[in-house]
Structures are given as C-alpha cells and as structure tokens.
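First up is the structure itself, then whatever we jot down about it.
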2 protein chains.
Amino acid sequence: MAKTNPPFMSGVPELLILRLLGRQEMYGYELVRAVRVISNDAFDLAEGVVYPVLHGLEKKKFLKAKRKSIAGRNRVYYTVTVKGKKRMSELSGEWERVKGGIDSALGEQHG
Amino acid sequence: MAKTNPPFMSGVPELLILRLLGRQEMYGYELVRAVRVISNDAFDLAEGVVYPVLHGLEKKKFLKAKRKSIAGRNRVYYTVTVKGKKRMSELSGEWERVKGGIDSALGEQHG
DNA sequence: TATATTACCTATTTGTTCTAGGTATGATAA
DNA sequence: TTATCATACCTAGAACAAATAGGTAATATA
C-alpha cells in the first residue's frame, strides 16, 4: 500500500531544506509550505518527512536549532552551519551530475 | 562505511535499464557497460545492482527474459513488455516533474 | 462551545541501492 | 600446462531515507 520509496526522491528533502535555510532561518511548519512554493508545487513534503530530516541534519551539524517564542507560538528555528553549506554544494554538485547522466541517457536517439 | 543510499539515485537504475532495453534486447553483463556509455560515465552500476533490478522488473512483468547460447556463452536476454513501456513513460514523466521542481528551487535568487 | 489551524513530534513500514561476496566457463598469457 | 583475466551469472545482507500514520498541545476562529 504505502508508496514509501518514490523514484528520484532520495536526497530531495535534504536538498530543498538546505536550500531554503541557506536563504533565511525558518521553522519546520513554515518549511513545509516553503517547499511547495520554491518547487513550484512539484513537491509537497509532509511534516512527517520534514521534521525527521531536520533532526537528522541537526545531528550531523549541518543545521543549528534555536527555540523562539513568537506571537505566543513556540517554534524551532533552523539555520545552516558552515558544514551545512559545504554539504549543500556537495549535494547540488551531485544533483548536476545525476541530472546530466539521466538527460544524456534519455536524450539518445530512439531505435 | 557502506554508502548505500546515495542522493538522487532512487529510480535511476530502473530508468536506465528500461531505457536501454527499450532500444534493443540486452543481457545483464552487457547492460553494465551500456549504462556507463549512455550516461556519459555519470553512472557506473555494479553487477550487484543490475541483476537484482532485472529480476525485480521481470517479476513485475516489465521485462521478459529469454536464455540464449551465443558463441559458447550462456546469456539471459531481456526485452521490455508493453507494461514495461508504460512504466517507462510513467518514470520519465516523474523524472521531468522532479527535475523541474529541483531546478526551480535551485534557480531562485540567493538571499 | 466546537472546530480549524498552528506547531511540534516519532514509531514503523517500505523498498531500493549498494557492498561484498560467490560460482562457472572461455580466452589469453606465462 | 598452468595461471590469470574476462565473461556471465547469482544472492544475502547492510544501510538508510522517504513516506505513512498516527499522536500531543496551544491558539485562533466560527
């Protein structure tokens, strides 16, 4: 039933989150919407995807979290560390490599 | 140690194999090399990746296998079924969607 | 008062890639 | 002859990330 391993999605949540947090600090719930927006509605990551990724990235020191109380709301804001920025450029390099490979494969003549 | 889940690789072996076999029948060992070629060396799938994918696709009726003896060699040739062709166009549609989403995200202005 | 929204969380399932082996045959080199 | 390399197939298990499907609690709105 569960379609848990959709094609081409590995690494995508991490990339999108690092990308967004590289622009400005954000909290999890906010990221869920922001992902839809920057991806032009291509991706709609559930909270159950976003939060575990955030925790994983924090554990690996790619992100730093700070709790804030704003407008009576308790939020966890995340920012990208230096290590996280390196990871981001590593990831986008990988993305370009993979994209190049697949587009090369799909672009070849039929027959 | 084992780097088993590299980013952006989910669905890639399946896509490449369906793509190659959509052009002409091939056997596993041959596919390993062909993948390197069409992907312009972006991908180098080990035999341990290719064979299980072939078996999985055959089980799902996306591929059909026939054993052949050629030049004193025993080989298993695969061809894409009608169902496999549908799967292929589904997959490449997904690829375009994901590519569009990520490129949209990465393309946005820095801030 | 009841419902919707905000905001956080995690356990479990799923399934795919990858590693790291292994077997057997035929061709080539020493 | 012997040893090595290339061909050609195979699988078990590890690793691991995404997705599902829940849950809690506070605030805002109907």
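Sequence lines set the chain letters: A, B, ... in the order given, protein chains first and strands last, and positions in each chain run from 1.
- Side-chain nitrogen and oxygen atoms of B:His55 include at least one within less than 4.0 Å of the OP1 or OP2 phosphate oxygen of D:dT11.
- An OP1 or OP2 oxygen of C:dT16 is reached within less than 4.0 angstrom by a side-chain nitrogen or oxygen of B:Lys60.
- The phosphate of D:dC9 (OP1 or OP2) has no side-chain N or O of B:Tyr27 nearer than 4.0 angstrom.
- Around NZ of B:Lys64, the count of heavy atoms belonging to other residues, nucleotides or ligands within 6.0 Å does not exceed 12.
- Note on A:Tyr29: every side-chain N or O is 4.0 Å or more away from OP1 and OP2 of C:dC8.
- For B:Arg73 against C:dT25, a side-chain N or O and a base N or O form a donor-acceptor pair under 3.5 Å.
- The distance between atom CE of A:Met9 and atom C1' of D:dA17, rounded to the nearest whole Å, is 11 Å.
- Of the listed nucleotides (C:dC18, D:dC9, D:dA18), C:dC18 has the atom at the smallest distance from the side chain of B:Pro13.
- B:Tyr77 does not carry B:Lys66 over the face of its six-membered ring by the limits of under 6.0 Å from the centre and within 45° of the normal.
- For the pair A:Leu57 CG and D:dC16 P, the interatomic distance rounds to 14 Å; values are reported in whole Å.
- Contact annotation for A:Gly11: backbone-only contact, meaning every heavy-atom pair under 4.0 Å involves sugar-phosphate atoms and none involves a base.
- One interatomic measurement links the two molecules: CG of A:Leu45 to C1' of D:dA17, which rounds to 12 Å at whole-angstrom precision.
- Residue B:Pro52 is in base contact, counting any heavy-atom pair closer than 4.0 Å across all strands shown.
- At the heavy-atom level, A:Gly72 lies under 4.0 Å from the strands shown only through sugar-phosphate atoms.
- In this structure, of D:dC10, D:dA19, C:dA7, it is D:dA19 that holds the atom nearest to the side chain of A:Val49.
- Across all strands shown, B:Gly28 has heavy atoms under 4.0 Å from sugar-phosphate atoms exclusively, and none from any base.
- Listed here is the closest heavy atom pair of A:Asn74 and A:Ser69: OD1-OG, 2.7 Å.
- For A:Asn5, whose side chain is taken as the heavy atoms from C-beta onward, the closest listed nucleotide among D:dC10, C:dG15, C:dC9 is C:dG15.
- In this entry the distance linking CG of A:Asn74 with C1' of C:dC8 reads 9 Å, nearest Å.
- Comparing A:Ala71 and A:Val53 by the nucleotide of DNA chain D that holds the closest heavy atom to each, the one mapping nearer the 5' end is A:Val53.
- Under the 4.5 Å side-chain heavy-atom criterion for Ile, Leu, Val, Met, Phe, Trp and Tyr, A:Val82 and A:Tyr78 are members of distinct hydrophobic clusters.
- In this entry the distance linking CD of A:Glu47 with P of C:dA11 reads 17 Å, nearest Å.
- Within the 4.5 Å cutoff, the side chain of B:Leu106 has heavy atoms near those of the A:Trp95 side chain.
- Atom-to-atom, CG of B:Leu91 to C1' of C:dT16 comes out at 13 Å; the value is rounded to the nearest Å.
- Between B:Arg33 and D:dT7, a side-chain N or O to OP1/OP2 separation shorter than 4.0 Å is present.
- Taking the salt bridge (Lys or Arg N to Asp or Glu O under 4.0 Å) definition, one finds that A:Arg36 meets it with A:Asp44, sequence neighbours left out.
- Here C:dT19 is the nucleotide among C:dT19, C:dT17, C:dT10 with the atom lying nearest to any side-chain atom of B:Ala46.
- Spacing between atom OH of B:Tyr51 and atom P of C:dA24 amounts to 16 Å, rounded to whole angstrom units.
- Protein atom CG of B:Leu54 is 14 Å distant from nucleotide atom C1' of C:dT17, rounded to whole Å.
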